[in-house]
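Position 1 is the first residue of the sequence, and the numbers go up from there.
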Amino acid sequence: MQRLQQLLLLSQQLSIFSKHLPSRSRSQLLTSSSSSSTTTIRLNRYSMAALGARMAATTSTASAAIAAAGGTTKTKQFLFRQLFEKDSSTYTYLLADASHPDKPALLIDPVDKSVDRDLSLVRDLGLKLIYAMNTHVHADHVTGTGLIKSKVPGVKSIISRASNAVADIFVEPGDRIYFGDLFLEVRPTPGHTCGCVTYVTGDAPGQPQPRLAFTGDALLIRGCGRTDFQGGSSSQLYHSVHSQIFTLPRETLIYPAHDYKGFTVSTIEEEMQYNPRLTKDEETFKGIMQNLNLSYPKMIDIAVPANMVCGLQDPVSKASS
């Protein structure tokens, strides 16, 4: 009886594993002959090799998807952290190529108040920070890029050329920002401000899958950034999102610069179905944006002038600008 139970368990396991094989390999996987007292199971070498390869591929794909979907992730190459600054409800993102010898890293949308926390994490993880970058000139907090530059020699600040702000590196549509063997693609998404960009993980072998889009304030989870200041345009924002973000693969993960309701991540597919503003036609969207009646941003008079010069730029950079 015990022998029979063992054989049945083995048969069930092989049946589960064989689902990962093509139909032809499955037919070759298991050959059995029975008598009243024995059951013989033979696995040929080709089938076992194919099984191992398919199982490894499935595990790799699943690991990448699971890793990218959370706030704390690490795959074979890609290390990712989602960090939060509560006063401005701002998300900062740490990305790194953890398998590269130098472990190069970058920060997206750092906040001045959280710089020490962010740099402590970089040190704890043994990373080399090379870039501190912004999706746009923020109006609700002072960026931490300049402060980071003063604390970590060699770090370069990045912002879009269209922002007209000060930085070490200006990016334009189509540019790639490399960190180790990984890269971010720059997509123009103006409308919230005239210089907004979205950074998207690369679409190439060895890049994280599913892809991640860091949308700044252009696309929020079930919302979008306001368009009534800093050269904003509701029509431009509508076209930016639909042409530059909603054209990404449906499974692409959306990581915005802010959230005020406790959400951490969404997908292209979700926002195309459930975003209460951007699922509407353009004229309806423009009407919604014109009637938000939002209050004047309390930090705008401090944040925007500071962020136009990288938050806190060192004397050399000020002189060269």
Side-chain angles (χ1 to χ4, degrees), residues 63-64 67-68 70-85 90-135 138 141-160 165-172 175-186 197-209 211-214 216 253 255 257 307 309-318 320:
S63 297
T72 300
T73 72
K74 185 176 181 180
T75 64
K76 181 179 179 182
Q77 287 186 314
F78 182 57
L79 185 147
F80 170 62
R81 296 289 189 275
Q82 182 182 46
L83 306 166
F84 188 67
E85 196 284 309
T90 298
Y91 284 124
T92 296
Y93 300 98
L94 172 65
L95 288 66
D97 183 346
S99 64
H100 190 277
D102 295 333
K103 294 189 176 181
L106 58 83
L107 283 165
I108 298 174
D109 289 334
V111 179
D112 62 343
K113 295 179 180 180
S114 302
V115 163
D116 288 340
R117 174 204 63 187
D118 299 347
L119 295 182
S120 177
L121 179 59
V122 169
R123 288 191 297 270
D124 288 347
L125 297 174
L127 306 176
K128 180 182 180 181
L129 188 64
I130 58 174
Y131 297 130
M133 47 204 288
N134 284 295
T135 53
H138 298 274
H141 68 269
V142 175
T143 180
T145 53
L147 187 57
I148 289 170
K149 281 167 51 64
S150 72
K151 291 175 175 285
V152 185
V155 172
K156 302 294 184 183
S157 58
I158 297 178
I159 202 166
S160 72
V166 171
D168 297 308
I169 299 172
F170 299 104
V171 290
E172 300 188 42
D175 283 351
R176 290 183 173 185
I177 302 167
Y178 280 88
F179 53 111
D181 295 322
L182 305 177
F183 68 88
L184 294 174
E185 169 191 311
V186 179
V197 294
T198 291
Y199 299 116
V200 187
T201 53
D203 183 19
Q207 304 300 307
Q209 292 295 331
R211 300 176 75 183
L212 287 71
F214 301 95
L253 299 167
Y255 286 103
N307 292 338
V309 291
C310 207
L312 174 64
Q313 201 74 3
D314 59 63
V316 173
S317 296
K318 280 185 177 181
S320 64

Give the minimum heavy-atom separation between H138 and A257, together with the two atoms involved. CE1-CB, 4.4 Å
Rounded at 0.5 Å granularity, tell me how far CD in Q207 sits from CG in D97. 8.5 Å
Of all the heavy-atom pairs spanning T145 and P110, show the shortest one and how long it is. CG2-CG, 3.7 Å
Rounded at 0.5 Å granularity, tell me how far CZ in R117 sits from CD in E85. 7.5 Å
Going from CG on L119 to CD1 on I148, what distance comes out if it is rounded to the nearest 0.5 angstrom? 5.5 Å
So, do V200 and F214 sit near enough that their side-chain heavy atoms are less than 4.5 Å apart? no
Quick one: do Y199 and L106 satisfy side-chain contact (heavy atoms from CB on, under 4.5 Å)? Show the steps, please. CA-CA 12 Å; Y199 299 116; L106 58 83; over 6 Å; no
Measuring from L107:CG to Y131:OH, what's the distance to the nearest 0.5 Å? 13.5 Å
Do you know which two heavy atoms are closest between T201 and L212, and how far apart they sit? OG1-N, 2.8 Å
Side-chain donor or acceptor of T143 paired with backbone N/O of G311 under 3.5 Å: no
Let me know which of L95, L253, L94 forms a side-chain contact (heavy atoms from CB on, under 4.5 Å) with F80. L95
Smallest separation among heavy atoms of P104 and I130, with atom names: CB-CD1, 3.9 Å
Considering all heavy atoms, the nearest L79-A98 contact: CB-CB, 4.1 Å
Compile the donor-acceptor pairs under 3.5 Å between side chains in residues 177-185 and protein atoms, sequence neighbours left out, one pair per line.
| residue | atom | partner | partner atom | Å |
| --- | --- | --- | --- | --- |
| Y178 | OH | R176 | NH1 | 3.1 |
| E185 | OE1 | R211 | NH2 | 3.3 |
| E185 | OE2 | R187 | NE | 2.5 |
| E185 | OE2 | R187 | NH2 | 3.3 |

Interatomic distance, C310 atom SG to N134 atom CG [nearest 0.5 angstrom]: 7.0 Å
Rounded to the nearest 0.5 Å, what's the gap from CG on D109 to OH on Y93? Could you check? 8.5 Å
Side chains of Y255 and I108, heavy atoms from C-beta outward: is any pair under 4.5 Å? no
Just by distance, do the side chain of T135 and the backbone of T198 share a donor-acceptor pair under 3.5 Å? no
Check whether any side-chain heavy atom of D116 sits under 4.5 Å from a side-chain heavy atom of S120, and report yes or no. no
If you define the side chain from C-beta out and look only at heavy atoms, does anything of D168 sit under 4.5 Å from K149? yes
